[in-house]
Amino acid sequence: MLPDAELSLPQTVVILNRGKACAVCRRKKQRCDGAKPSCGPCAKIGKAGQCTYKPESASARSRELRDHLHALEGSIQVLKVKQPKGADRVANLTPMYSTFQLGTVSFSSSPKSSSPSPSPPKSLESSPSPPRSLRTLSSPGPLDVPASLRDPLPAMLKDQVPDSLSDILIDIFLENRWQHLYEFSTSRILAGRRLPPSHPDSIHPALLDAMCLLGCMYSRRVVFHNYEKLFLERLNRNLANSLYHMDRIYDFTMASTLKGCYYYMKGRVREGHYIISSTARFALACRLHQIDSCSLEASKASPLLGPPRDLVDLGDRIYLFWGLFCMDRIGSLIANLPSAFSKENEITTMWPCPPEYYSDGRAHTCSESSAPFFLRHTSEAWSSSKANNNVHAFRAKSVALLYRTAVLAKGAGDPLEGMSILSKNPQACKDIISDITVLEKSLSHLAASVEQYRLKCTLGNDAPHDAMLVFSIASIQAAYIHLCSILAEQDNTWYRRRLQAAKKSTTIIKEILATGSSSLHVSVCLMWTCVYEVLALEWSKLGALGDERGVALIQGDIDNLYGALELYAKVFPFKINLHIQYLKKFNIHGTWTLST
């Protein structure tokens with residue numbers, strides 16, 4: 001029976017919501033009335049001074065608003081602080097890639113999660129439709145930031161971008177421009193940037209927007225990524241205005257090219273190829289494929305562009321053409337779509353020279369037409385002046401030969417794809433053998449020229465130069481592998497040649513591993529896939545024969561290549577599980593951590 005004193009206590013119980021008890025009661029696991037500054041149980045036992053409460057956690061709504069406030073503060077800092085040069089390098093890229101195809105090989109990646117971006121203003125959502133991947137994919141929810149608190153900068157920048165912001169983004173783009181397979185005069189860009197918009201030599205807004213768009217993509221700062229959609233909207237609008245008014249058509253062509261590069265870099269390869277291919281056809285209409293003389297008076301420029309102002313302007317047009325040529329050819333192979341340059345025999349544009357040659361006038365004596373190369377792939381095409389032996393010309397030539405060999409291998413039935421030349425009729429076989437002979441000579445001449453050039457330079461001194469050189473070497477070896485694969489299953493000589501080409505690729509790969517990531521170009525990994533496959537096939541063959549020493553030797557080359565793929569995956573923003581999904585079937589590297 002309870003004492004009278006206890007019977008006299010009120011029989012009511014205070015029930016608190018979970019998590020509201022003080023620290024003392026929580027530790028003792030006893031009931032707490034939640035009174036403040038000290039609860040009843042603590043006051044009763046004389047521990048009022050020890051009664052404390054855990055600070056209340058901010059609500060999801062408060063956290064959302066606080067995070068957005070930080071984003072707004074970052075946007076304000078963008079307009080105040082200019083980043084030092086070199087702060088944004090290609091090794092810190094953060095754009096996302098999606099799925100695309102290289103022939104029958106699937107390329108896919110899992111984009112990294114990032115902090116949420118501010119929702120775009122309504123005015124942008126109702127304007128002409130941007131690409132789907134840049135729209136907000138999720139539906140508005142109860143925690144969405146209200147329109148009154150959204151980032152005001154996109155609306156402010158819709159019509160006029162402050163110079164402080166565009167200068168930062170253009171600097172970032174110019175530092176990474178060499179990833180886009182063509183060159184141009186940066187001094188001309190910077191000089192035109194400072195001219196008033198009404199000046200005929202000023203940069204068209206479309207080109208400024210294109211450079212800012214890619215600058216946003218290359219930047220490490222997430223706050224810049226939030227404005228890619230804005231600059232893409234501005235770019236589309238200004239491209240239309242430029243074409244409608246026939247205003248600064250060269251800037252239009254260059255801006256459209258950079259727009260295609262943006263889609264390529266975002267993994268939207270078919271859209272990127274459509275843009276690049278359309279721009280390439282426009283360049284053909286402007287006769288950029290027939291610049292066969294450094295004489296400004298003898299220029300065959302279309303009325304759309306007008307004659308070049310000087311030799312530097314002529315050099316920029318040559319660079320633009322060959323950049324479009326390379327991007328169109330590579331995009332055609334990746335997307336398995338037609339190329340815009342269907343008639344190579346009409347191309348006469350001179351091979352590109354180093355930029356300084358156009359500035360100091362040496363291009364007058366060193367330039368060389370590309371017509372012999374495209375009209376006949378024989379030794380006669382390589383017997384003229386060697387003045388065009390530079391990385392810019394090597395890149396264009398290697399891509400041209402890579403495309404030709406890949407198309408020939410596909411038509412002949414590349415054994416790597418499970419087909420055989422023996423299934424062809426005799427006349428087809430004869431024609432294919434003839435083409436193989438011609439292309440093999442062209443590749444040998446080009447490889448010899450590059451090898452001679454390599455004796456004069458070492459990797460690690462100039463990132464853009466090194467990346468172009470590595471890209472050219474990788475393209476030549478990949479072309480040779482495709483060429484040899486046509487006959488490798490029927491003729492052991494071609495099989496050994498193919499293996500030798502793959503092993504030669506590992507030589508430059510060892511140099512890359514020794515010097516770091518500065519020599520990597522964004523497209524070079526496409527060339528290494530076939531190298532890995534050839535080495536893996538030899539590894540399997542030697543293993544079946546029980547040749548342990550041979551397996552160990554080839555394993556070293558494969559490990560070096562895998563190390564280069566690891567480095568590539570760290571340098572660039574996308575994970576290369578597109579290649580991994582195809583190559584891990586050989587089960588040489590069991591974990592394949594590159595796809596994570």
Looking at [atom1] of [X] and [atom2] of [Y], how far apart are the two atoms once the value is rounded to the nearest 0.5 Å?
X    : Y    : atom1 : atom2 : result
S442 : K397 : OG    : NZ    : 10.5 Å
L439 : I486 : CG    : CD1   : 8.5 Å
H364 : L311 : NE2   : CG    : 4.5 Å
I473 : I508 : CD1   : CD1   : 4.0 Å
L401 : L446 : CG    : CG    : 6.0 Å
L402 : I330 : CG    : CD1   : 7.0 Å

Find out whether [X] and [Y] are in side-chain contact, i.e. whether some heavy atom of one side chain is under 4.5 Å from a heavy atom of the other.
X    : Y    : value
L214 : M217 : yes
M468 : H521 : no
F471 : V399 : yes
L258 : L207 : yes
I189 : M211 : yes
Y319 : P355 : yes
L499 : V534 : yes
F321 : I347 : yes

On a heavy-atom basis, which atom in [X] and which in [Y] lie closest, and how many Å separate them?
X    : Y    : answer
G215 : I172 : O-CG2, 3.6 Å
V391 : S472 : O-OG, 4.0 Å
N560 : L513 : O-CD1, 3.5 Å
A340 : D328 : N-OD2, 3.0 Å
Y264 : V269 : CE2-O, 3.6 Å
S475 : M527 : OG-CE, 3.6 Å

If only atom types and distance count, is the side chain of [X] paired as donor or acceptor with the main-chain N or O of [Y] below 3.5 Å?
X    : Y    : result
S277 : Y274 : no
T405 : H482 : no
Y358 : C353 : yes
H273 : P338 : yes
S256 : F252 : no
W322 : M350 : yes
T506 : K503 : yes
N492 : Y495 : no
S332 : L337 : yes
T349 : I291 : yes

Open item on the list: Check this for me: does any side-chain nitrogen of one of E511 and R454 sit under 4.0 Å from a carboxylate oxygen of the other?
Closed with: yes

- [ ] Using a strict 4.0 Å threshold on nitrogen-to-oxygen distance, state whether E271 and K266 make a salt bridge.
- [x]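 No, this pair does not count.
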
Open item on the list: Checking V524 against I512 for the side chain to side chain contact (heavy atoms under 4.5 Å, CB included) test, could you report, in this order, the C-alpha distance in whole Å, the side-chain angles of both residues, the deciding distance, and whether it holds?
Closed with: CA-CA 12 Å; V524 73; I512 293 172; 6.0 Å; no

- [ ] Assess the pair H465 and F394: is the distance between their ring centroids shorter than 6.0 Å?
- [x]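 No, too far apart.
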
- [ ] Compute both the distance and the angle, then confirm whether R329 meets the cation-pi test with Y403: under 6.0 Å from the six-membered ring centre, within 45 degrees of the axis.
- [x]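 Yes, R329 sits over the ring of Y403.
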
Task: Y480 six-ring face occupied by K504 cation (under 6.0 Å, within 45°) - done: no

Open item on the list: Students often mix this up, so state it plainly: with edges at 30° and 60°, are the rings of F184 and Y182 parallel, tilted or perpendicular?
Closed with: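 Rings of F184 and Y182: tilted, 30 to 60°.
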
- [ ] Inspect the surroundings of OH in Y453 and state if more than 12 heavy atoms from other residues, nucleotides or ligands are less than 6.0 Å away.
- [x]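 Yes, enclosed.
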
Open item on the list: Can you confirm whether more than 12 heavy atoms, excluding those of E548, are under 6.0 Å from its CD atom?
Closed with: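 Atom CD in E548 is not crowded, with 12 or fewer foreign heavy atoms closer than 6.0 Å.
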
- [ ] Begin with the C-alpha distance, continue with both residues' side-chain angles, and end with the deciding distance and a verdict on side chain to side chain contact (heavy atoms under 4.5 Å, CB included) for L320 and Y250.
- [x] CA-CA 9 Å; L320 179 57; Y250 172 80; 3.5 Å; yes

If only side-chain N and O atoms count, and only distance matters, is there a donor-acceptor pair under 3.5 Å linking [Y] with [X]?
X    : Y    : answer
T529 : E533 : no
K410 : N336 : yes
E183 : W178 : no
E228 : Y262 : yes

TODO: Let me see the working for M265 and Y218 under side chain to side chain contact (heavy atoms under 4.5 Å, CB included), right down to the final yes or no.
DONE: CA-CA 10 Å; M265 298 290 281; Y218 283 125; 3.9 Å; yes

TODO: Determine, stepwise, if the pair L537 / R498 fulfils side chain to side chain contact (heavy atoms under 4.5 Å, CB included).
DONE: CA-CA 11 Å; L537 289 171; R498 183 178 71 176; 4.2 Å; yes

TODO: With ring-ring contact (aromatic ring centres under 6.0 Å, His included) as the test, would you mind laying out the steps for Y562 and Y532 before giving the verdict?
DONE: CA-CA 8 Å; Y562 183 81; Y532 188 102; 7.5 Å; no

